[in-house]
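These notes concern the structure reproduced below.
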Amino acid sequence: MIDLRRLRDEPEYRKAIERKRVVSGLIDELLSADDERRGLEAQVEQLRARQNAASKEIGRVPKEERPAKIAAASELKDELTALTPDLERLESTVRALALQVPNPADPTVPDGGEDDGEVLRVVGETPQAPPHDHAEYGERMGWIDTARGAEASGSRFAYLAREAVMLELGLVQWVMSKLVADGFVPVVPPVLVRERTMEEAGFFPTDRNQVYSLPEDELFLVGTSEVPLSALHRGEILPAADLPARYAGFSTCFRREAGTYGKDTRGIFRVHQFDKVEMFAFVPPEDSDDEHLRILAMEESILTALGLPYRVVNIAAGDLGNAAAAKFDLEVWLPSEGRYRELTSASNYRDYSARRLGTRVRTDHGTELVHTLNGTACAVGRTLVFLFEHGQQPDGTFVVPEVLRAFVGFAEVPPR
RNA sequence: GGAGGGCUGACCGAGUGGCCGAAGGUGCUCGCCUGCUAAGCGAGUAGGGGGUUAUUAGCCUCCUCGAGGGUUCAAAUCCCUCGCCCUCCGCCA
C-alpha cells in the first residue's frame, strides 16, 4: 500500500509512482475519493463524539431524568446510522483504488520498460553451447520427463528423476546451510494462504491471475515463500533489537504462468511448480538500501560458487513489479540460447508491504513501519537448467559443481 | 467425534451493561532517597486513523479488550458466526 498522505502532499512521490505503468486516471480518482472520504469521516466523527458524550451523560444523571436524555441520544444515533453506509462505501472505494497503486520507484531505478534495465556488471566467462540444451540432455539422462508430466498434469509440468533429484536436494541443503551460517533463520512455511495474506504481501489484486486458487477452501497456492514469510510478523511491533530479522524460506512454488503461452516451452525453464529457497528480511527503514546490497551479494556468491557466469541488471521502473521500489535481476548465461536469462532477483519493497501487514519497529521516537526485502537464494528447478548446460562435458558426462558434491554424494554422472 | 474452560496493554492479571482505553502487579523510563547485597519513595509508560496547529512538541476527535457481525442511548461485559489455545472422554497411530 502506498502512503496516501505523501501521495497527497508530495508531488515527487506521485511522480515516482508514475514512472511505473499506472492505469491512467487511477491516481486522480483515488485522490478525489480520498478527499471525499476524509470530509465525510470528519462529519461522522463529530456526530459520534456528540453521541458518545450524550450516552455518557445518561449514566451520570438521576434515573428520572434519563428517558428524555435517551430520546435525545436516539436521534443522534439515527443521524449517525444514516451517514455510515456512505462512509463505508467511500472507504472501500479508497481502499480498492489504493491497492492498485504501485510502490514508487527509487531514484536509482532507470526509466523505461523491459529492455531498459541497466547492466551493472558482467561476471564470468561465457562458454560455447554444449551438445544438448538442458531439455534434451535432461530427457537423455533420464532426469526430466515432460511428456509424462503432461500426461499427469498438463503442459509445464515435469517429473524430475534419478541424479537430478539428488542435485535438487543437494542444492537446497547447500544453499540453506550457507544462509543459516550467515544468520538467516530457516523456515518451511505454509504454501496455502488466505486471500488477505496474498494481498498484504503485495500480490493481490494486481497479480491475481498468476495465482492458483482453491475456491472451496478460500485458499491460494503461493508463487513464492515470500508470501507466507512476509506474514510472519503481521500486525507486530518489533523491538529494535530484533532487527534485522532474516529468514530463509524453503517451499514449493506454484505459478499459473498466464500470458506466457508459447514462451520457454522446452524442458523445465518455465513450469507451474518448482522448489525455491527464498531470503526475506525485515529491517529498520534506514537500513534497507544496505540490506538490498547484502542480499544481492549473497546471490552473487551463490552463482559464483556454482561456477555460473552472470550479469547484474538494475530493472527499469516500468518493468518493476507492483511492490518493488527497486529490483536487481541476476541473469545467468544460458549457453544453448546464447544469452543471459533471469535466474534470481533481489527486491526492496521499502514500507509498501509493511504498511499492509502492519509490521512496525519500536524506536526511541515512537514506532515506524519496517522495510521488507526479498531475494531468491536458489530457484532450484531453473538452477538445474543452467547446471545441466554448464556442467555438461563434450562427451556427455555431467560434472557436479565442487560445492555441491558433499551434498549430492557424487562428483560426476557418466553419459547415457 | 463428544463435553467443558479460555483468548484483556511489553508481560502477568482484575473486570458480567454507564463513573473502563481498562484496577493491581511485573518490566521499562525519569526523578528522589539510601554507603551494601535482583532495597525504598514518587511520577510516567498502548497502537492506529482523521482534523488542527504547524512540525521533530501540543491540542481536538474517532477506532481498537482474539476476528467479524448483532442488540442497546450506552458493550471488555449480553447474543450470533468464525479462528486459535487448554482440559477431560472417545477414536486412530
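Throughout, a chain's letter reflects where its sequence line sits, starting with A, and its residues are numbered from 1.
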By nearest-heavy-atom nucleotide on RNA chain B, the more 5' of A:Glu45 and A:Ile70 is A:Glu45
Let me know, please, whether A:Ala42 or A:Arg60 comes out on the 5' side of the other along RNA chain B by nearest nucleotide. A:Arg60
Are OP1 or OP2 of [N] and a side-chain N or O of [X] less than 4.0 angstrom apart?
X: A:Ser55; N: B:U72; value: no
X: A:Arg66; N: B:C73; value: no
X: A:Gln46; N: B:C62; value: no
X: A:Arg38; N: B:G49; value: no
X: A:Arg360; N: B:G48; value: yes

Between [M] and [N] - [atom1] atom distance, rounded Å:
N: B:G1; M: B:C11; atom1: C1'; result: 37 Å
N: B:G18; M: B:A23; atom1: P; result: 16 Å
N: B:C85; M: B:A67; atom1: C1'; result: 15 Å
N: B:G48; M: B:U26; atom1: C1'; result: 26 Å
N: B:U71; M: B:U52; atom1: C1'; result: 36 Å
N: B:G49; M: B:A57; atom1: P; result: 15 Å
N: B:C79; M: B:C84; atom1: P; result: 22 Å
N: B:G9; M: B:A14; atom1: C1'; result: 13 Å

Please state how far atom [atom1] in [X] lies from atom [atom2] in [N], giving the value in whole angstrom units.
X: A:Leu40; N: B:G49; atom1: CG; atom2: C1'; result: 15 Å
X: A:Asp34; N: B:G49; atom1: CG; atom2: C1'; result: 11 Å
X: A:Glu41; N: B:C62; atom1: CD; atom2: P; result: 12 Å
X: A:Arg48; N: B:C73; atom1: CZ; atom2: C1'; result: 14 Å
X: A:Lys77; N: B:C73; atom1: NZ; atom2: C1'; result: 8 Å
X: A:Arg5; N: B:U52; atom1: CZ; atom2: P; result: 10 Å
X: A:Glu75; N: B:U72; atom1: CD; atom2: P; result: 16 Å
X: A:Asn52; N: B:C62; atom1: CG; atom2: P; result: 5 Å

Of the nucleotides [options], which one has an atom closest to the side chain of [X]?
X: A:Ile237; options: B:G47, B:C62, B:A74; result: B:G47
X: A:Ser74; options: B:G21, B:C73, B:G49; result: B:C73
X: A:Arg362; options: B:G50, B:G48, B:A46; result: B:A46
X: A:Ala49; options: B:C19, B:A10, B:U61; result: B:U61
X: A:Lys56; options: B:G47, B:C19, B:A74; result: B:C19

Mate of [N] where both pairing distances stay under 3.5 Å, Watson-Crick or G-U:
N: B:C19; value: none
N: B:C88; value: B:G2
N: B:C7; value: B:G83
N: B:C65; value: none
N: B:G40; value: B:C32
N: B:U52; value: B:G58
N: B:U45; value: B:G27

I'd like to know if [X] pairs up with [Y] as an ion pair, taking the criterion as any Lys NZ or Arg NE/NH1/NH2 lying under 4.0 Å from an Asp or Glu carboxylate oxygen.
X: A:Glu291; Y: A:Arg246; value: yes
X: A:Arg294; Y: A:Asp182; value: yes
X: A:Arg5; Y: A:Asp34; value: no
X: A:Arg234; Y: A:Glu200; value: yes
X: A:Arg356; Y: A:Glu199; value: no

Testing A:Val277, A:Asp275, A:Leu387, A:Ile302 for side-chain contact (heavy atoms from CB on, under 4.5 Å) with A:Leu171, which one passes? A:Leu387
May I ask you to decide if A:Leu343's main-chain N or O and A:Arg382's side chain share a donor-acceptor pair within less than 3.5 Å? no
When you measure only distances, ignoring hydrogens and angles, does the side chain of A:Glu57 come within 3.5 Å of the base of B:G18 through a donor and an acceptor? no
Tell me, yes or no, whether the heavy-atom count around A:Glu65 atom CD, taken from other residues, nucleotides or ligands under 6.0 Å, exceeds 12. yes
